[in-house]
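All chains are named by letter (A, B, ...) in the order of the sequence lines, taking the proteins before the strands, and each is independently numbered beginning at 1.
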2 protein chains.
Amino acid sequence: MSSEAEPVPGSPAWWGNRAPAPVYRRGRPPVDVGRIVGTALKLIDEVGIQALTLRMLADALDSGTATLYRHFNSKDELLALVADRVLGEVRVSREELHDLSWREAVTVAAEAFYGTLCRHPQALPLLAAQVPVGPNGLRGRERLITLFLSHGFPIDLAARAFTAVGHYVIGFAIQQHGPGTPHPEEHSQLRNYYNSLDPELYPATTAAAYELTSVPLHEEFRFGLDLLLDGLEKARGQLPAGD
Amino acid sequence: MSSEAEPVPGSPAWWGNRAPAPVYRRGRPPVDVGRIVGTALKLIDEVGIQALTLRMLADALDSGTATLYRHFNSKDELLALVADRVLGEVRVSREELHDLSWREAVTVAAEAFYGTLCRHPQALPLLAAQVPVGPNGLRGRERLITLFLSHGFPIDLAARAFTAVGHYVIGFAIQQHGPGTPHPEEHSQLRNYYNSLDPELYPATTAAAYELTSVPLHEEFRFGLDLLLDGLEKARGQLPAGD
DNA sequence: ACCTGAACACCGTTCAAGT
DNA sequence: ACCTGAACACCGTTCAAGT
């Protein structure tokens, strides 16, 4: 919490030398980057990212749109800050992972990441749009790569394993909770749709209609993750030397 | 090609009883759904999905925005049609897969899918936003599930394998070619960024900076895909009976 | 009967004017 | 010196008016 970690140069995180402390908004709470980003995320959670408007955000902050532009240079830059804020909610303590095998630890980390993404389904497109280079994104990448390295993975395998797992988690989450899936009743609707198809034309889809739509989300996530980890285990086992 | 496969009831594909054939646009080519969707995809490829405007699209068709609305009900509906158009470009002939093992066949199908996505990087967010229920999406799902079933996968494993592979491909593609990655020089920029970090704070990230940014995209894709297939092979091997 | 110019409400962004 | 009302150009969408 507190001060958004450290200011990192480069992409959207050069906001160390942004607008100084607000001065006179007597009675009203101050407008700073932290409050803007937090309010933006809250609004995105409520109304969706498509519906988020700078005017709406300014109203929620009891301010005006012009004032917002003193703290970022464009709406896209704000959204990058929101994305990093979401990544900051992934909390995995170092102790929690310490006694686990690499496979258990990666599972815990991936589940924590997935859980956070599921708590902000409306913000998911932000995380898929770019490589996260904000402070919280850096922190997560550092820790997961460290995890692989500390369990004897060579550096190239560790890097690719990180990429594969990260892409799997985001890719899975965005397709389960993407912008086109507002209501949880979607699953039964989709199943009805599959079942309404002509079995002559779509025998496999209609036969698998139940399985395609009824499996609990979390279980399907774990299934694919375990497939990845099985493969990683095999790749690691084929190395000349293990630990 | 030709006539967009068959009209499927439900989601965005109830455009069988849309506007009838265009009548008098003497000299100018007619405006129909196929040409609208094709032109929209071409424009998205050129200028990006964020920049696509209905006015721009109307201009390219030598028409007006109001005319477009005779063929779809909203911009979102048009974009769903564009997404299905992209899926229609995934061409895998049945003969091509016939002599292969299930693992080789799934690899060919996944590569074809991935290749198509890479040819339309600007359209990727469309495919991640929703479960594809258009005719081309249905066709692809049907064929891949059929593939698993025909190689002895039980129906629940086939459905989950389809979901895992599909999510992996889209998830990987969107993060490699998403809206935030217009130029191919991004990789060296990202590497410079990783290298500019404090090695005391980010030892693993800086150590893996090269591996995180230099591996050819296609190779990384294959790496993760092989992990998934390794896992599938194991899950299939643990069944009571194989073929 | 089909097409479309022109308007409507609203968006992200900017800047001159306020305090 | 910092904030912001009001405007600017533009967006998706609609409908009365054209042919």
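- At least one side-chain nitrogen or oxygen of B/S63 sits closer than 4.0 Å to the OP1 or OP2 atom of C/dT4.
- For A/D45, the side-chain hydrogen bond (donor to acceptor under 3.5 Å, both in side chains) test picks out A/H120, with sequence neighbours left out.
- Not a single ring-ring contact (aromatic ring centres under 6.0 Å, His included) links A/F223 to another residue, sequence neighbours left out.
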Show your working on side-chain contact (heavy atoms from CB on, under 4.5 Å) between B/L138 and A/Y194 and close with a plain yes or no.
CA-CA 9 Å; B/L138 281 178; A/Y194 287 152; 4.1 Å; yes

Close N/O contacts between protein and nucleotides 11-14 of chain C (under 3.5 Å):
| residue | atom | partner | partner atom | Å |
| --- | --- | --- | --- | --- |
| C/dC11 | OP1 | A/T53 | OG1 | 3.1 |
| C/dG12 | OP1 | A/K75 | NZ | 2.4 |
| C/dG12 | OP2 | A/L54 | N | 3.0 |
| C/dG12 | N7 | A/R55 | NH2 | 2.5 |
| C/dG12 | O6 | A/R55 | NH2 | 2.6 |
| C/dT13 | OP2 | A/Y69 | OH | 2.3 |
| C/dT13 | OP2 | A/K75 | N | 2.9 |
| C/dT13 | O5' | A/Y69 | OH | 2.8 |

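- Proximity of B/R70 to the phosphate of C/dC2: no side-chain N or O atom is located under 4.0 Å from OP1 or OP2.
- Partners of B/R55 by side-chain hydrogen bond (donor to acceptor under 3.5 Å, both in side chains), not counting sequence neighbours: none found.
- Ring planes of B/F172 and B/F221: perpendicular class, angle over 60° (limits at 30 and 60°).
- Side chains of B/E89 and B/T116: a donor-acceptor N/O pair is absent below 3.5 angstrom, by distance only.
- Secondary-structure annotation of DNA chain D gives the stems C:4-8 with D:12-16, C:12-16 with D:4-8, with a stem taken as at least 3 successive Watson-Crick or G-U pairs whose two distances both fall under 3.5 Å.
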Evaluate side-chain contact (heavy atoms from CB on, under 4.5 Å) for B/L57 paired with B/L78, printing each intermediate quantity in order.
CA-CA 11 Å; B/L57 177 57; B/L78 167 65; 3.6 Å; yes

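- Rounded to whole Å, the distance from CD on B/Q50 to C1' on D/dC10 is 15 Å.
- For A/T67 and D/dC3, the shortest distance from a side-chain N or O to OP1 or OP2 is not below 4.0 Å.
- Applying the salt bridge (charged side-chain N to carboxylate O under 4.0 Å, His left out) test to residues at least two apart or on different chains, none of the pairs has a partner in residues 192-201 of chain A.
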